J.: 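Encoded as structure tokens, here's the structure I'll be asking about.
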Amino acid sequence: MSSDFSPGSIQKVLQADHLTVRLGQHVVLNNLNFELGTGQIMALIGANGSGKTTLLRTLIGRVGFEGQILWMGKSIRDWSLRNLAKQVAYMPQSPSSDPGDRVIEVLRIGRFPHRGWMSLDHDEDEHLIREVAQELGLIDLLDRAIETLSGGQRQRVFLGRCLVQSPRVILLDEPTTFLDLKHQTDFYRLIRKLAEKRGICILMACHDLNLATAHADKVMVLKSGRLLACGNIRQVMNEKIVSEAFDMPMKRIELNQSFHFVPLE
Ligand code: ADP
């Protein structure tokens, strides 16, 4: 099946209808309905075990499901994994690379859906990789082994690997778990810049409620595999929903243009 479509022509990049996932006897995702539009940043929040990782992995075809998932209007069942990877990039919670891999080699992996594993390096790909490296401040690190980088630099490399896939959508699974506050903030600012500049749609699972609130446009709240709420941050993120999602009373504190949640106990 062809993955061609004209950029900008599709407003709804993702639609999930009655999405249910069972793993063994356990219903891990329960009848989810939601959609994602072009250029949006959607935060996926919920307590540990609420189903965030399972949802992201299901959306890239790695977990069997009931119901429907449409990417760019086409059922995921009709996309080959390779063609889907040209449109949708995924950064797992702990991205890995082979020991000794240099930054440039990790970035090249992002071109595999376009070129295949065995193809020779292509000038066009190298140009694109350097462009992404430039944008993410990785040019001086291209020859460094991944394991010699700081946590923040490494996350930028794995984000770069997603970007060189030239995707329309990036799914991020708790991308800032191992970063300190400054690097978390830097990372989310970078995401925002990329979403705006490249029109990329982002769906990101976030463990930090307040960072998610500060950096996303929309939010999806999961609780025990059910969709508790979905919509604009300011409307959805109220005390009732957030307290229910995390099983603890939370207070919303208004700041200048934004707001913050703190536990009441
Ligand atoms: P989160 O990312 O929100 O922490 P997960 O998607 O990792 O949540 O897990 C959701 C639920 O699914 C958890 O209760 C987890 O134990 C369960 N789960 C995950 N993988 C499997 C599996 N392979 N078999 C059975 N249950 C699983």
Side-chain angles (χ1 to χ4, degrees), residues 14-36 40-69 71 76-77 81 84-85 88-96 151 154-155 158-159 161-162 167 169-179 184 187-188 191 201-231 233 236-250 261 263:
L14 169 64
Q15 181 178 337
D17 297 320
H18 305 294
L19 172 58
T20 294
V21 169
R22 295 172 208 274
L23 296 174
Q25 299 298 310
H26 193 171
V27 180
V28 176
L29 299 176
N30 196 340
N31 196 27
L32 306 188
N33 296 285
F34 60 90
E35 50 188 64
L36 203 56
Q40 284 176 354
I41 301 183
M42 169 96 84
L44 175 57
I45 66 164
N48 288 343
S50 57
K52 302 182 296 295
T53 295
T54 305
L55 175 56
L56 295 181
R57 297 187 72 246
T58 304
L59 293 176
I60 53 163
R62 294 199 193 166
V63 179
F65 65 95
E66 296 155 35
Q68 178 145 266
I69 297 172
W71 279 112
I76 193 172
R77 297 182 172 100
L81 284 182
L84 189 61
V88 184
Y90 171 58
M91 184 165 140
Q93 200 169 354
S94 304
S96 59
R154 211 171 314 167
Q155 285 308 76
F158 288 111
L159 178 64
R161 188 173 73 181
C162 289
V169 185
I170 301 181
L171 309 183
L172 303 169
D173 194 353
E174 308 225 352
T176 61
T177 302
F178 303 112
L179 303 183
Q184 288 182 4
F187 189 88
Y188 285 120
I191 293 290
C201 172
I202 310 269
L203 174 60
M204 54 184 190
C206 298
H207 66 285
D208 188 309
L209 190 59
N210 291 315
L211 279 171
T213 307
H215 296 284
D217 308 310
K218 296 199 152 202
V219 67
M220 195 155 50
V221 187
L222 282 182
K223 177 161 191 192
S224 306
R226 289 179 185 275
L227 195 55
L228 205 56
C230 184
I233 295 261
V236 166
M237 299 288 275
N238 60 46
E239 289 176 355
K240 182 173 177 293
I241 284 175
V242 172
S243 302
E244 193 179 340
F246 291 94
D247 273 328
M248 60 193 295
M250 301 284 278
F261 283 92

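Because the structure is a prediction, the values reported are computed rather than measured. All ligand and atom numbering here is 1-based and tracks the order in the structure. Along the sequence shown, the residues carry numbers beginning at 1.
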J.: Using heavy atoms and a cut-off under 4.0 Å, could you grab the residues that are in contact with ligand 1, chain by chain, numbers ascending?
T.: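 These residues qualify: Leu23, His26, Val28, Ala47, Asn48, Gly49, Ser50, Gly51, Lys52, Thr53, Thr54.
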J.: Is any side-chain heavy atom of Ile41 less than 4.5 Å from a side-chain heavy atom of His215?
T.: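 Not in contact.
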J.: Taking the side chain as everything from C-beta on, heavy atoms only, tell me whether Val221 gets closer than 4.5 Å to Leu227.
T.: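 No - every pair of side-chain heavy atoms lies 4.5 Å or more apart.
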J.: Quick one: does Pro175's side chain get under 4.5 Å of Tyr188's, heavy atoms only?
T.: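 They are in contact (side-chain heavy atoms under 4.5 Å apart), so the answer is yes.
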J.: So do the side chains of Leu172 and Ile191 get within less than 4.5 Å of each other, counting heavy atoms only?
T.: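 With C-beta onward as the side chain, the pair touches.
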J.: Which one of Leu55, Leu32, Leu59, Thr58 satisfies the side-chain contact (heavy atoms from CB on, under 4.5 Å) criterion with Phe65?
T.: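 Of the listed options, the one satisfying the test is Thr58.
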J.: Which pair of non-hydrogen atoms, one from Lys223 and one from Glu244, has the smallest distance, and what is that distance?
T.: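 Reported closest heavy-atom pair: NZ-O, 3.0 Å.
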